[in-house]
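What follows is a short report on a single structure.
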Amino acid sequence: MHILLLLHLTILFVFPPLLLGIIGKTKAFFAGRIGPPLLQPYFDIFKLMHKESVYSVTTNWIFMAAPMVSTAAILAAGTLMPLADFKPPIQFWGDMVLFVYLFALARFVIVLAALDTGSSLEGMGASREATFGCLSEITMFLNLTILALLSRSLSLSEIFLGGLSSSWLQVGPVLILVVVSFFLILLVENSRVPIDDPETHLELTMIHEVIVLDHSGIDLAYVLYGKAVKLFLFASMLVSVIITFRVHDFLIDTAFFFFELIVFAVLIGIVESTMARLRLNKVPYLLFSAFIFSIFGFTVILVRGGH
Amino acid sequence: MALLLISLSILIISSLLILLFCRSKEISACVFLWSLVAACGFGLWSALSVLCQKAMSLPLTGVDFRVHGTIPLGEFYIGIDALSAFFLLLFFILSLAAGIYGYGYLRDYTGQRNTGVHFALYHLLIIVITLVLVAKNAVLFLVAWEIMTFVSYFLITFYNESESVRKAGYLYLISTHVGVFCLLVMFLIMGAQAGSMNFDQMTATQFPLALAALLFMLAFVGFGIKAGFIPFHIWLPHAHPAAPTHISALLSGVVVKLGIYGLMRVMAIVKDFPLWCGVLLLIMAAISGVGGVLYALGQHEIKKLLAYHSIENIGIITLGLGIGMIGHAYHQETVAFIGYAGALLHTFNHAVFKGLLFLSAGSVIHCTHTGDMDHMGGLFKLLPWTGHLFLIGSLSICGLPLFNGFISEWLVYRALLEGVFHLDVFGIIFSSLAIVALALVGGLAALCFTKAFGVIFLGSNKSSEGHQGKEGRLSNIDIKEGDLMLRGPMILLAAICLWGGLFPANMVYFAFQGTQAITGLQIPFVLKEAVINPLLSATRVLSFGGVIFSVLALVRDFLVLHYPVRLTETWSCGYVKLSHRMQYTASSFARPILKIFRSALVFRVEGKISKEYFPAWTSLKSSVKDVSESLLFRPLFYVIKKFSRKLKWIQSGHTQTYILYVFLFLVILLVWKLI
């Protein structure tokens, strides 16, 4: 049992940056380039750890603590998330609320860190991040409510480990709507194209990149790592909703889970390569459509009586 | 009960003493401080002894105290049940903190007004609020409620040389009086049905459902005005900024909560309500929650922002109450218990963190002499204590993990999610919509408090361009931190916030005690376990996060020691002539979200945005109008005023005419009696 827990934590800690590497490779393929190596995010993080740190004189300790607090909060949220067939280290009735709120905590401190610099550009990014974050949170909660209703459980581990296995047959359309809505939320929360472009460094148009404009060295490394873990958690949540099939063999399940995640990262890469970034004032519409998808899914459950 | 009586008598004697010595500022303040500490100590002891169910074993604590036959229908009959005790707990904690802060705040007050009278009124307010909370007779309750309104009116209008303060006071007085009218009718109906004005008999009486619905509507309006439900909230955002800081803390933490207490008391008396009452409460709660936080986002003035946040939190509390009522109507006791417990716990938590926020906001205003957030900034370095305490308050009010706000919001979420499981389709629809509303409120609150904290404390100061040195510090403005009398109460409240978040079991247990008093049912032990155990697991997740944080911090410390660190100015993308006015302000931070909700809000923009290539002088002033104030109550009062002007001839001002009225009235009564 302890070995499984250790394995869960190891995957949680080590695997996430690889997803970013896969996305980068996919995008390079579409652009006709060879692209950076798959392990580039690891190299980046390692390189940043050895870089000089630059701090603005305007900042306080909040600026330095924020990357650590947010990364710690995201990793703590990871302890509630089942991966492959592993039960998470901690589970309880109602842990999904804590799961979402830990992300909210992470966002809160990062936004404060951005405001700490007193830069108007970072203020702009902070304002956008907080705005979109609060809109995506409602959809997140509605989706989780739907999943809870289908699996009759309030614990992430029960929802994702078998709670939904018969739902695809009974109320498939609902789950499709939930998946679409979750996918949009994932793009917003992890600042991917078409909401935000992680590649550009033009301050005026960005959301997430601009918030961490003043972070450098080890702080930036933490921010990058935290971002990777967040993407990993969202991706594994989505994958667990889509593929509920498990053979209950430890090795096969785990391998299959990783395969799914890799396919998923390729998918994000394809979306990023084929789509242009939305204009910023269109982003709320995207968020509202995610919410509407979720509301439709909810209505279908009520009508079909899947509860 | 004896402990509470001791506490009350200390307050009565000391308020007389204060009045006696009110010429001497030192003596009155000294008496005030020590009697406050003693009285609140005894009060807390009595509340805790009831909540810990040791009331029977202690010799001094009988349960009831009554003096028979004092006035017609009414008698002096008080008693503490768990519901009263729960509110007494939060009330004494907050009045202690706010009182000490008020002592520190008014000590260097050099104006015309007599602070001794203010202190005596503060004691009187504590006495009457205690009476409201422990009254077991409706007449006593109403009398105490009325005195409370008057006393708090005088406390609010401390700075009555300003016209806006007087207006805010009037608004408060008038709107609460409308409420009292509803309460009077409600209690009379209850009394007529029960045959007695005592709460005991009322509780024992069975009310028919139609009557219960009528009583609910009366209670909803009467107590809703006090609690500040939208659209009855109009007095709230005016009264809070007008009052001195410690009074606004008490107003928002306790006086507003008395509306919630009243609703809970009515629920304890009239147990069964029709389903739609709960649904109505839930809808109004969602509107209050989302509306309150949206209005808060539109504010530039810090106390007004906090006042609107009280409306938001009342919304969260009422969501718990509403789902509790719905659960009760469906006979799903699990839902009802958790809902009520969530509401009670959030009441407590809100009192604590809102008190903390008001007090620290008061310190900020005290130092900067302005309430406008857009003129602040960079205060974290100048006021480190206040800054850290405000940060703790902000984290708690946003319901973020580690702090007490999370625990109570989790309970409300849990009740709503249990509602999704246990109710039928109708119930599922409403509880899921309530979940969405609560999630939205949570997200918007986080947005609002990143704005408030960020704009006030972070960045660099926006007001005094000329005074700033190179490092963005204020150099020649005299800003200094308050002393221990101001800081101590805030530290106490902040410690309770953290304690409530890290060790939730005690407070949840107390909230369950209160719930038992509301529902009159024993909560099964299994259910208590099923609520408290997950919270303990949540604490485990947080401690895991804490471990990760310390590891990350250690790694960072190591690396920072071994690799160079450079201090420089904030990166401004190559722009050199950066001014401190070029920061994001409170208005610009909130603009995107307000734009999204523009259809639900009314904006007023004065001045114009310059669109020329070489912009000359221009000014822009934007504000968010309160819809219910400007579109509902203003026209309504206008119509009432127009109508009542036509009846003006009745009030002629001649004494003879009034004697004629009295005579006519007597004749009518006589004729009525004869028929």
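So you know, we letter chains A, B, ... as the sequences are listed, proteins then strands, and number each from 1.
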Any heavy-atom pair between the side chains of [Y] and [X] that's under 4.5 Å?
X: B:F589; Y: A:R128; value: no
X: B:R556; Y: A:D219; value: yes
X: B:R414; Y: A:W93; value: yes
X: B:Y563; Y: A:H50; value: yes
X: A:T71; Y: B:I548; value: no
X: B:I593; Y: A:C134; value: yes
X: B:L395; Y: A:L105; value: yes

Close aromatic pair by centroid cut-off 6.0 Å: B:W571 and A:H215: no
Check: B:F449 ring centre within less than 6.0 Å of A:F108 ring centre: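 Between A:F108 and B:F449, which both carry aromatic rings, the centre distance is not below 6.0 Å.
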More than 12 non-hydrogen atoms from neighbouring residues, nucleotides or ligands closer than 6.0 Å to [atom1] on [X], yes or no?
X: B:F558; atom1: CZ; value: no
X: A:F296; atom1: CZ; value: no
X: A:F13; atom1: CZ; value: yes

For [X], is it the side chain, the backbone, both or neither that has a heavy atom under 4.5 Å from a heavy atom of chain B?
X: A:L9; value: side chain
X: A:I146; value: neither
X: A:T117; value: both
X: A:D214; value: side chain
X: A:L144; value: neither
X: A:I74; value: neither
X: A:S155; value: neither
X: A:V111; value: side chain
X: A:F63; value: neither
X: A:A221; value: neither

Gap between atom [atom2] of [Y] and atom [atom1] of [X] - 0.5 Å precision:
X: B:S432; Y: A:F141; atom1: OG; atom2: CZ; answer: 13.0 Å
X: A:Y222; Y: B:L552; atom1: OH; atom2: CG; answer: 4.5 Å
X: B:H562; Y: A:I218; atom1: NE2; atom2: CD1; answer: 13.5 Å
X: A:E137; Y: B:L440; atom1: CD; atom2: CG; answer: 9.0 Å

Max heavy-atom pair count under 4.5 Å with chain A, selected residue of [options]:
options: B:L542, B:L438, B:L433, B:I435; answer: B:I435
options: B:F457, B:Y413, B:F453, B:F549; answer: B:Y413
options: B:K451, B:Q583, B:R540, B:K595; answer: B:Q583
options: B:V531, B:V541, B:N533, B:L444; answer: B:V541
options: B:G545, B:P592, B:P401; answer: B:P401

Given that the side chain runs from C-beta out, which part of [X] has a heavy atom under 4.5 Å from chain A: side chain, backbone, both or neither?
X: B:S431; value: neither
X: B:V555; value: both
X: B:L391; value: side chain
X: B:L536; value: neither
X: B:I596; value: side chain

Mind listing the closest non-hydrogen atom pair of [X] and [Y] along with its distance?
X: B:T570; Y: A:S119; value: CG2-CB, 3.4 Å
X: A:V57; Y: B:K381; value: O-NZ, 2.9 Å
X: A:S120; Y: B:Y584; value: O-CD1, 3.6 Å
X: B:T450; Y: A:L115; value: O-CD1, 3.3 Å
X: A:L112; Y: B:G454; value: CD2-N, 4.2 Å
X: B:F544; Y: A:L75; value: CE2-O, 4.1 Å

Any donor-acceptor pair under 3.5 Å from B:W410 side chain to A:D95 backbone: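 No, because the side chain of B:W410 does not come within donor-acceptor range (under 3.5 Å) of the backbone of A:D95.
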Could you tell me which of [options] has the largest number of non-hydrogen atom pairs under 4.5 Å with chain B?
options: A:S153, A:G133, A:S136; answer: A:S153
options: A:R107, A:M68, A:K51, A:M64; answer: A:M68
options: A:A73, A:G217, A:A126; answer: A:A126
options: A:N281, A:T145, A:I295, A:T139; answer: A:T145
options: A:S127, A:A148, A:A114, A:A65; answer: A:S127

B:F421 six-ring face occupied by A:R152 cation (under 6.0 Å, within 45°): yes
Stepwise side chain to side chain contact (heavy atoms under 4.5 Å, CB included) check, B:V436 with A:F291: CA-CA 10 Å; B:V436 172; A:F291 184 62; 3.7 Å; yes
